[in-house]
Number of protein chains: 2
Amino acid sequence: MKENSEVTIYDIAKKLNLATSTISRGLKDHHTISKKTIEMIKKTAAEMGYRPNNLAASLRGNKMRTIGVLLPTVTQPFLSSLISGIEIAAQKAGYTVIIMQSHDSYEEEVNLTQSLYDNRVSGVICSLAMGTKDTSHFNVFIENNTPLVFVDRVPQSFETFHVIIDNFSAGYKATKHLIDQGCKRIAHITAGSEFSIYHERKKGYLAALEEHNIPFDENLCVKINSVTYDDAAKASEKLLSLKSRPDGIFAPGDILGVSAIQCAKRMGIKVPEELAVIGFNNDPISYIIDPNLSTITHPASKMGQTSAEIILKNLKQSRKKDQIVKQITFLNTEVLVRESSKRI
Amino acid sequence: MKENSEVTIYDIAKKLNLATSTISRGLKDHHTISKKTIEMIKKTAAEMGYRPNNLAASLRGNKMRTIGVLLPTVTQPFLSSLISGIEIAAQKAGYTVIIMQSHDSYEEEVNLTQSLYDNRVSGVICSLAMGTKDTSHFNVFIENNTPLVFVDRVPQSFETFHVIIDNFSAGYKATKHLIDQGCKRIAHITAGSEFSIYHERKKGYLAALEEHNIPFDENLCVKINSVTYDDAAKASEKLLSLKSRPDGIFAPGDILGVSAIQCAKRMGIKVPEELAVIGFNNDPISYIIDPNLSTITHPASKMGQTSAEIILKNLKQSRKKDQIVKQITFLNTEVLVRESSKRI
DNA sequence: TTATAATTTGCAACCGGTTGTGTAAAAAGA
DNA sequence: TCTTTTTACACAACCGGTTGCAAATTATAA
């Protein structure tokens, strides 16, 4: 019946006998409009049930007040916390968040990047798909002066914003913790390419070993193809079946750590007495497993907030000669000692 | 330098000496444009690096090709799976998904509802905040003919689409399972208002008891204020400290179930021999806890997909006299028997 | 060859705000 | 009282596609 119930600033203008420009400016407290007029405009707008049309408002600037977020998936605890952080910061600034999942596929990532651009988002936050090597599909944002933040899984070289943790240092800290607990034969599970976060963590692991004069034993380092429960179980079993069994495991992911504990329990190996385990991320499962899994805290929500804030801060700085073209922000991680590694 | 690198259909039109309307139509294979022209338009567009501007395209229809999703939070496993499902269905149809978190606050929900409207989304999927009683803030979507789907936590009476599970039946099944395992004194933890999913689950619990001639003992039913780890721990402790202790617990959430198992372990009560436990949702923690928690499967991703499909299907049916004004879709749940309740 | 129909393409208004520029009115200064 | 500023508001172009309708071109029929 009433159907086209949409109230526009034209309707308000007509009713008040003012120009639409006056309405537009009055609605946003422009200084050239008198207080009295502003008040009247706002009152009338409210009475008429006027609601701004972001779509139309964004057309001129050719940008929606929207942050595009492109992630491998949204169901991992770490990534959903990341989203939560982004969303909180965006909401505070009156921005909306649009989410897309690459499902760790390079092809999907390329498509979605385009889709994000087609939607004229104000900024983009991305954690790369596992298989992504070439990142030229992100060039369009750079050319277009759209702020772009890579978070957690970042490209090796790309002149833009990165928000990450120091994976090397975290790997070092985790390994050192095990050494401090008296472990002599520390195993490690790794994954991904030589540019991945896992590789950095492994480098930290190696550095800690070396610093404490513990020789690196190749047999104690297993590489898995995917960070899944099944692959983790196989890796754990392989490690714990060695003749000279490890007395500690640095698992660069909580699923891996949990799986190691479960495997040990199945094999009758006592955790932490015979095997100390430390994970990574502080996922919910880490404090459900018995014994609780020591882990490395990963500031997911904070990373999200930081990323969003970087986007928001760099919105207006368009085409300035002295703008920041590259910035790497490191967030803190900590060793969270729980039962699975507490030996002393 | 090059800055305004944006290629529009005007640029293409100029280059090809055609009208913009021809370009617009050619780009979308309109039947009134010859094959040859279409081909040439597309080729030129690609060469010039043209990218459609969804913003401008949406202005006329006054709707973005976007589905708005309003949830209490995105970090619960169930809800992130829901998002994943929505996103998959939306992506398939070329729609984007915008996410907002009410953080279980009624006030935030009201604001975000407006924000969703201001963004002129094509449809809305919502799971209500805990405290929401009045749902009149959703009326704008109905009046505006914007498809609206409530999922999981739905209002008592609202003439629109609902996608839910049969909580009564699920509660019944869970309880019956415990009865079948030989439990005689089955405890229950409940939460929320008398219209919440938890209340339905409790009704199912009561029905199962009655059907099997097991008298309902008030002491065996504890109500908690929030479905959190801490509240759950207190409730479990209270139940397991009773003189006449329960021999089974139906926990309408996996956190509750996990907490019950942990409490039992602390108190030296054997699960499942002395206490059978069944949870709800099939969250990851349910198969990490030892013994594994039996649970009720909750088709989160499928619910998301279904909700999105309902939105998409109802986009065009505007103002038809015979349109669907209310539809409740029930998805299936199943008892997933694991160690925590397996006694026979 | 001419009339009629079918196929192509172009014109221009439109979607709903935003904003540069121009001008009248009110306030301040001479 | 007259000029100079300020203040307050209006006009109209603009953002980039979309689409109804008319016009032009080509194909088919008579």
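Chain naming here is simple, since letters A, B, ... match the order of the sequence lines and numbering starts at 1 in each. On a predicted model such as this, the values are computed, not experimentally measured, just so you know.
Contact annotation for A:Asn17: backbone-only contact, meaning every heavy-atom pair under 4.0 Å involves sugar-phosphate atoms and none involves a base. A:Ser58 comes within 4.0 angstrom of no nucleic acid atom, judged by non-hydrogen atoms across all strands. Among the protein residues, B:Thr32 comes within range of the nucleic acid bases, having at least one heavy atom under 4.0 Å from a base atom.
Taking OG1 from B:Thr73 and CD1 from A:Ile88, the interatomic distance works out to 8.0 Å, rounded to the nearest 0.5 Å.
The NZ-P distance, from B:Lys35 to C:dT9, rounds to 12 Å in whole Å. Rounded to a whole Å, the CD atom of A:Glu6 is 12 Å from the C1' atom of C:dG17. Across the protein-nucleic acid pair, A:Asn62 atom CG and D:dC14 atom C1' stand 12 Å apart, rounded to whole Å. Regarding A:Tyr10, its OH atom lies at a distance of 10 Å from the P atom of C:dT18, rounded to whole Å. Atom CD1 of B:Ile33 and atom C1' of C:dG10 are 10 Å apart (whole Å).
In this model, the phosphate group of D:dC9 is not approached by any side-chain N or O of A:Ser21 to a distance below 4.0 Å at OP1 or OP2. The phosphate of D:dA10 has OP1 or OP2 within less than 4.0 Å of a side-chain N or O from A:Thr22. Applying the 4.0 Å criterion to OP1 and OP2 of D:dG16, one finds that B:Ser24 has every side-chain N and O outside that range. For the pair A:Lys28 and C:dT18, the criterion of a side-chain N or O lying under 4.0 Å from OP1 or OP2 is met.
With respect to B:Phe158, the ring pair (Phe, Tyr, Trp, His ring centres under 6.0 Å) criterion is satisfied by exactly one of B:Phe141, B:Phe195, B:Phe150: B:Phe150.
Comparing B:Ala56 and B:Leu18, the nucleotide of DNA chain C nearest to each residue sits closer to the 5' end for B:Leu18. Along DNA chain D, the nucleotide nearest to A:Thr20 and the one nearest to A:Ser34 differ in position, and the one closer to the 5' end is contacted by A:Ser34. Projected onto DNA chain C by closest heavy-atom contact, B:Arg60 and B:His31 fall at different nucleotides, the more 5' of which corresponds to B:His31.
A donor N or O paired with an acceptor N or O is found under 3.5 Å between the base of C:dG20 and the side-chain atoms of A:Arg25.
A:His137 and A:Tyr106 have their aromatic ring centers within a separation under 6.0 angstrom.
No hydrogens or angles considered: nothing links the side chains of B:Ser105 and B:His103 as a donor-acceptor pair under 3.5 Å. When only modelled atom types and interatomic distance are considered, A:Thr96 and A:Thr66 share a side-chain donor-acceptor pair under 3.5 Å.
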